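Sequence lines set the chain letters: A, B, ... in the order given, protein chains first and strands last, and positions in each chain run from 1. Bear in mind that the values here come from a model prediction, so they are computed numbers and not experimental data.
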Amino acid sequence: MLQLSFIRENKELTIKGLRKKLVKNPEQVVDDLLAVDSKRRETQSLLDGALAKSNAISKEVGNLMKAGKKDEAEAVRLETLALKGEAKDLTDLLADYEAKMQEMLYQIPNLPHESVPEGRTPEDNLLVFESERAKNLPELGADALPQWELIKKYDIIDFDLGIKIAGAGFPVYKGKGARLQRALVNFFLDEAQKAGYTEIQPPILVNEASGYGTGQLPDKEGQMYLVGEEKLYLIPTAEVPITNLYRDVILKADELPIRNVGFTPCFRREAGSWGAHVRGLNRLHQFDKVEVVQITKPEESYKTHQIMCDYVAYLLEKLELPFRILRLCGGDISFGAALCNDFEVYSAAQKRWLEVSSVSNFESFQTNRLKLRYKDETGKMQLLHTLNGSALALPRILAALLENNQTPTGINLPKAIWEYTGFEKI
RNA sequence: GGAGAGGUGCCUGAGUGGUUAAAGGAGCAGUUUGCUAAACUGUCACCGGGUAACUGGUGCAUGGGUUCGAAUCCCAUCCUCUCCGCCA
């Protein structure tokens, strides 16, 4: 959620940013918001005056009662009836304006960073980096198998069993498949720890307030699983619980930056997004992911974003995967992000690029909802910045590893994870 | 699931209708100091008004209600803890 004071003071900048994010009629959106805001403030002033008067009268009644002047107190008491009605009306009016403003603010996306390219579709995303392996893509020959065939051939993941016990999109990992997945998780967690992140094991169900805190609600209501009668949501990413640990928190400057990493399963309904390219591991309702989350001072967040991107790139190099980095354009970047770099690995049998990580800077968009702040050097309360990124999402990494490393005699795993798998080959 | 207790600021914790989020502690800042300690002073958040000093309002789990006036009384909801039961 954008800060109202920012919009008020930077109207043109806001409109420009919203236009880049392809918001329709940004002038109208901002004007409507500011109109409600100005009425709200006007109403608040009137209400404050009425309440101040009423407080004074109450005090007077109290004093008269204490002094034993009961009749005078009674007379003053009668005077307040009109005032009371007025205050009630103003209170209701103010509540209306506040609710309306809140609703409008929730609908407004974050403003994109200046380095975000203009654009509408994924084709408009900007290629910012290609790894050496990406410049020299592996050629597998005509008989190369896509991941869904390899999975069957080596019997490491069973989709039919998943359908039997849960439904499509819930794979069952078996034998070396399960072991490989666990090995990758441990590899990612150990690397993150070496890079300075603290490991967190959060709940994977969260309440409504947490959904609002990180911005999944109300924007993506239908994309999360709602569980039971408790109104709890299955998390779509560890970002949600790990960032919400800091909801309603005022941090001290010396506690910053916060660097957390968490491994969780992630659940996504993916309503309406099933199509031709979602076979096998490409899109799932449940998948595992290791997520890194940082909370920084505002002036450090872009430097941190770069560090996080470098870290993800380092992991992909260790896994010997060809990858590229795309800077998402205004039309493709998510609702709450100011800047987002997508990491894609090349899956050589499908001959497709698969997104395995998004590293985003939310600036103060989440912390404004979370009320996550710190006192800066001058003693002023300031919203912090949040960033997060996958490091990494498992299924597509698995897909690329299987496809790119297939040989007639088996699948050769990258050296970096041998000590975790206990085998070098599937 | 049964019974009970409770939710007040960063923490402890008083407060059963009348100025006040008491009081203490922690942390931080300032003063003092050769240094440290001690002492003293200041220090909750949010929304308004004001260039500013300052000032109005709101907040005692949440939402309603009663009252001139609510932390305090009433209703509903949420959460936590204890004991019993069940149980990974």
Work out how far the [atom1] atom of [N] is from that of [M], and round it to whole angstrom.
{"N": "B:C10", "M": "B:U43", "atom1": "C1'", "value": "12 Å"}
{"N": "B:G13", "M": "B:A26", "atom1": "C1'", "value": "14 Å"}
{"N": "B:C84", "M": "B:U67", "atom1": "P", "value": "46 Å"}
{"N": "B:A88", "M": "B:A3", "atom1": "C1'", "value": "25 Å"}
{"N": "B:C83", "M": "B:G25", "atom1": "P", "value": "34 Å"}
{"N": "B:G57", "M": "B:A71", "atom1": "P", "value": "14 Å"}
{"N": "B:G63", "M": "B:A53", "atom1": "P", "value": "31 Å"}
{"N": "B:U20", "M": "B:G59", "atom1": "C1'", "value": "15 Å"}

Under a 3.5 Å cut-off for both distances, is [N] Watson-Crick or wobble paired, and to whom?
{"N": "B:U67", "result": "none"}
{"N": "B:A38", "result": "none"}
{"N": "B:A23", "result": "B:U12"}
{"N": "B:G59", "result": "B:C44"}
{"N": "B:A52", "result": "none"}
{"N": "B:U32", "result": "none"}
{"N": "B:A88", "result": "none"}
{"N": "B:C81", "result": "B:G4"}

Indicate whether OP1 or OP2 belonging to [N] is found under 4.0 Å from a side-chain N or O atom of [X].
{"X": "A:K371", "N": "B:A45", "value": "no"}
{"X": "A:R373", "N": "B:A45", "value": "no"}
{"X": "A:R41", "N": "B:G49", "value": "yes"}
{"X": "A:K375", "N": "B:A45", "value": "yes"}

Got a second to check how far [X]'s [atom1] is from [Y]'s [atom2], nearest 0.5 Å?
{"X": "A:L105", "Y": "A:L33", "atom1": "CG", "atom2": "CG", "answer": "5.0 Å"}
{"X": "A:F423", "Y": "A:L180", "atom1": "CZ", "atom2": "CG", "answer": "5.5 Å"}
{"X": "A:N260", "Y": "A:L245", "atom1": "CG", "atom2": "CG", "answer": "7.0 Å"}
{"X": "A:Y197", "Y": "A:E191", "atom1": "OH", "atom2": "CD", "answer": "12.0 Å"}

Will you find, in the side chains of A:E320 and A:N405, an N or O donor that is under 3.5 Å from an N or O acceptor?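 No donor-acceptor contact under 3.5 Å links the two side chains.
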
(message) For a quick check under 3.5 Å, do A:Q366 and A:T386 share a side-chain donor-acceptor pair by atom type?
(response)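 Present: a donor and an acceptor within the cut-off.
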
Measure from [atom1] on [X] to [atom2] on [N] and round the result to the nearest Å.
{"X": "A:L232", "N": "B:C78", "atom1": "CG", "atom2": "C1'", "answer": "13 Å"}
{"X": "A:K252", "N": "B:A26", "atom1": "NZ", "atom2": "P", "answer": "14 Å"}
{"X": "A:D248", "N": "B:U62", "atom1": "CG", "atom2": "C1'", "answer": "13 Å"}
{"X": "A:I250", "N": "B:A45", "atom1": "CD1", "atom2": "C1'", "answer": "7 Å"}
{"X": "A:Q3", "N": "B:C47", "atom1": "CD", "atom2": "C1'", "answer": "14 Å"}
{"X": "A:L46", "N": "B:G57", "atom1": "CG", "atom2": "P", "answer": "15 Å"}
{"X": "A:E208", "N": "B:G63", "atom1": "CD", "atom2": "P", "answer": "15 Å"}
{"X": "A:E98", "N": "B:G63", "atom1": "CD", "atom2": "P", "answer": "12 Å"}

#### Entry: Closest-nucleotide ordering on RNA chain B, the 5'-leading residue of A:E60 and A:E42
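Nearest-nucleotide comparison on RNA chain B picks A:E60.
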
**Asked** Toward the 5' end of RNA chain B, which comes first, A:D37 or A:G49, by nearest nucleotide?
**Response**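 Looking at RNA chain B, the more 5' nearest nucleotide goes with A:D37.
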
Can you figure out which of [options] approaches the side chain of [X] most closely?
{"X": "A:R8", "options": "B:U67, B:A45, B:G48", "value": "B:G48"}
{"X": "A:K84", "options": "B:G18, B:U67, B:C47", "value": "B:U67"}
{"X": "A:A52", "options": "B:C68, B:G65, B:G56", "value": "B:G56"}
{"X": "A:Q44", "options": "B:G56, B:G69, B:A45", "value": "B:G56"}

message = Could you tell me if the side chain of A:R369 sits less than 4.5 Å from the side chain of A:Y106, heavy atoms only?
response =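 Sidechains of A:R369 and A:Y106: in contact.
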
Report which part of the nucleic acid A:L51 touches: base, sugar-phosphate, or nothing (heavy-atom distance under 4.0 Å, all strands).
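Contact class for A:L51: sugar-phosphate only.
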
(message) Once you apply a heavy-atom cut-off of 4.0 Å, does A:N55 come out as touching a base, just sugar-phosphate, or nothing?
(response)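 A:N55: backbone/sugar contact only, no base atoms under 4.0 Å.
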
#### Entry: Side chain A:D48 and base B:G57 donor-acceptor under 3.5 Å
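Looking at the base of B:G57, it does not pair with any donor or acceptor on the side chain of A:D48 (distance under 3.5 Å).
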
| Taking NZ, NE, NH1 and NH2 as the nitrogens, is one of them in A:R41 or A:D37 under 4.0 Å from a carboxylate oxygen of the other? |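 Here A:R41 pairs with A:D37 in a salt bridge, since their nearest N and O are under 4.0 Å apart.
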
